[in-house]
Novice: 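This is the structure I have questions about; it appears just below.
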Amino acid sequence: MYVKICGLSEPEHVEAAVEAGADAIGFVLTRSPRRVTPERAAELAAPIPPHVLTVGVFRGETPEEVRAAALASGVRAVQLHGHHPHADFTALKDLGRPLVRAVDAAADLRCGAYDEDLLIVDAPRPGSGEPWDWAAVRGRPSGRWMLAGGLDPANVAEAVEAAGPWGVDVSSGVETAPGVKDSALIRAFLRAARGG
């Protein structure tokens, strides 16, 4: 089970995620309580080993803004969240970094439909941390796709069973308050996601 821990802003939480076996770590570079600057993302990402994908998360920025922040932060992948047109992905292909498309279940759920490398299927209200009907998407997304939205250590196994994703993505479900991550919750989530 591929696991992405998103919205990290403190070195100890990055370290906890890497040590616990996260496959990807997301840095929010857009408007959010979890936002970090590209410079801060670069500092946080510096000790992360090459096998862990560092992802810059954007929502609503232009391809030019995304490109500038991705290069400044040094992230190894770019995630466009919400209703970005296909042209935005095409414009960023030459960055040579994996592209991640994050959408709700009403969107086109074929991974690669927008030339992206990974797909995230999120709740109807992305970032709300609210559980939703995970089973409703079972069998619909294709390719390498992650389930997100309302996941936490207590329900991730149930969500995986319901939706059958290739991976999972969590942010608020490993927090004690908006934007405040918890190392113990990060470790618990990784264990639960992989049936440990």
Novice: In this structure, would Val121 and Met146 fall into the same cluster of hydrophobic residues linked by side-chain contacts under 4.5 Å?
Specialist: no
Novice: Indicate yes or no: at least one non-hydrogen side-chain atom of Asp182 is less than 4.5 angstrom from one of Val174.
Specialist: no
Novice: Does a side-chain heavy-atom distance below 4.5 Å link Ile120 with Trp145?
Specialist: no
Novice: Under 3.5 Å, side chain of Trp134 to main-chain N/O of Gly164, donor-acceptor pair present?
Specialist: no
Novice: Can you run down the side chain to side chain donor-acceptor pair (under 3.5 Å) pairs that involve residues 46-63, sequence neighbours left out, and say none if there aren't any?
Specialist: Thr30-Glu61, Thr62-Glu64, Thr62-Glu65
Novice: Salt bridge or not between Asp133 and Arg138? Use side-chain N to carboxylate O under 4.0 Å.
Specialist: no
Novice: Give me the atom names and distance for the closest heavy-atom approach of Val170 to Leu151.
Specialist: CG2-O, 3.4 Å
Novice: Kindly assign one of parallel, tilted or perpendicular to the pair Phe89 and Tyr114, based on the angle between their ring planes and the thresholds 30° and 60°.
Specialist: perpendicular
Novice: Check whether any side-chain heavy atom of Leu119 lies under 4.5 Å from a side-chain heavy atom of Trp166, and answer yes or no.
Specialist: no
Novice: Please check if the number of heavy atoms outside Arg110 that lie under 6.0 Å from its CZ is greater than 12.
Specialist: no
Novice: Between Leu92 and Phe58, is there a side-chain heavy-atom distance shorter than 4.5 Å?
Specialist: no
Novice: If I compare all heavy atoms of Pro165 with all of Val160, which pair ends up nearest, and what's the gap?
Specialist: CD-O, 3.5 Å
Novice: Is it possible for you to say whether Val52 and Val57 belong to one hydrophobic cluster, with membership spreading through side-chain heavy-atom contacts below 4.5 Å?
Specialist: no
Novice: Distance-only check: which donor-acceptor pairs under 3.5 Å involve side-chain atoms of residues 183-196, not counting sequence neighbours?
Specialist:
from   : atom 1 : to    : atom 2 : distance (Å)
Arg194 : NE     : Met1  : O      : 3.0
Arg194 : NH1    : Gly21 : O      : 3.0
Arg194 : NH2    : Met1  : O      : 3.3
Arg194 : NH2    : Gly21 : O      : 3.1
Arg194 : NH2    : Asp23 : OD2    : 2.6

Novice: Is there a chain of hydrophobic side chains (I, L, V, M, F, W, Y, each step under 4.5 Å between heavy atoms) that links Val75 to Leu44?
Specialist: yes
Novice: Let me check something: any side-chain donor-acceptor pairs from residues 4-18 under 3.5 Å, sequence neighbours excluded? List them with distances.
Specialist:
from  : atom 1 : to     : atom 2 : distance (Å)
Lys4  : NZ     : Gln79  : OE1    : 2.8
Lys4  : NZ     : Asp169 : OD1    : 3.3
Lys4  : NZ     : Asp169 : OD2    : 3.2
His13 : NE2    : Lys181 : O      : 3.1

Novice: Indicate yes or no: at least one non-hydrogen side-chain atom of Asp115 is less than 4.5 angstrom from one of Thr90.
Specialist: yes
Novice: Quick one, Ser172 and Arg34 - any side-chain contact, counting heavy atoms below 4.5 Å?
Specialist: yes
Novice: Looking only at heavy atoms, what is the nearest atom pair of Asp104 and Ala123, with distance?
Specialist: CB-O, 3.7 Å
Novice: For residues Val55 and Ala24, report the shortest heavy-atom separation together with the two atoms involved.
Specialist: CG2-CB, 4.4 Å
Novice: Quick one: does Arg40's side chain get under 4.5 Å of Phe27's, heavy atoms only?
Specialist: no
Novice: Can you tell me if Asp117 uses its side chain to pair, donor with acceptor, with the backbone of Ala77 under 3.5 Å?
Specialist: no
Novice: Could you state the interatomic distance from OG1 (Thr37) to CD (Glu43), rounded to the nearest 0.5 Å?
Specialist: 7.0 Å
Novice: Using side-chain contact (heavy atoms from CB on, under 4.5 Å), reason through Val66 and Leu80 one step at a time and then give a plain yes or no.
Specialist: CA-CA 9 Å; Val66 171; Leu80 300 183; 4.0 Å; yes
Novice: Looking at every heavy atom in both Ala70 and Leu95, which two are closest together, and how far apart are they?
Specialist: CB-CD1, 4.4 Å
Novice: Is there a path of hydrophobic side-chain contacts, each under 4.5 Å between heavy atoms of I, L, V, M, F, W or Y residues, that connects Val28 with Val3?
Specialist: no
Novice: Taking the side chain as every heavy atom from C-beta outward, state whether Arg76 and Arg97 have any pair of such atoms under 4.5 Å apart.
Specialist: no
Novice: Could you state whether Leu29 and Leu118 fall into the same hydrophobic cluster, counting links through intermediate Ile, Leu, Val, Met, Phe, Trp or Tyr residues with side-chain heavy atoms under 4.5 angstrom apart?
Specialist: no
Novice: Return the minimal non-hydrogen interatomic distance between Gly173 and Asp152, and the atom names on each side.
Specialist: O-CB, 3.6 Å
Novice: Under the criterion side chain to side chain donor-acceptor pair (under 3.5 Å), which of His84, Glu116, His86 is the partner of Arg101?
Specialist: Glu116
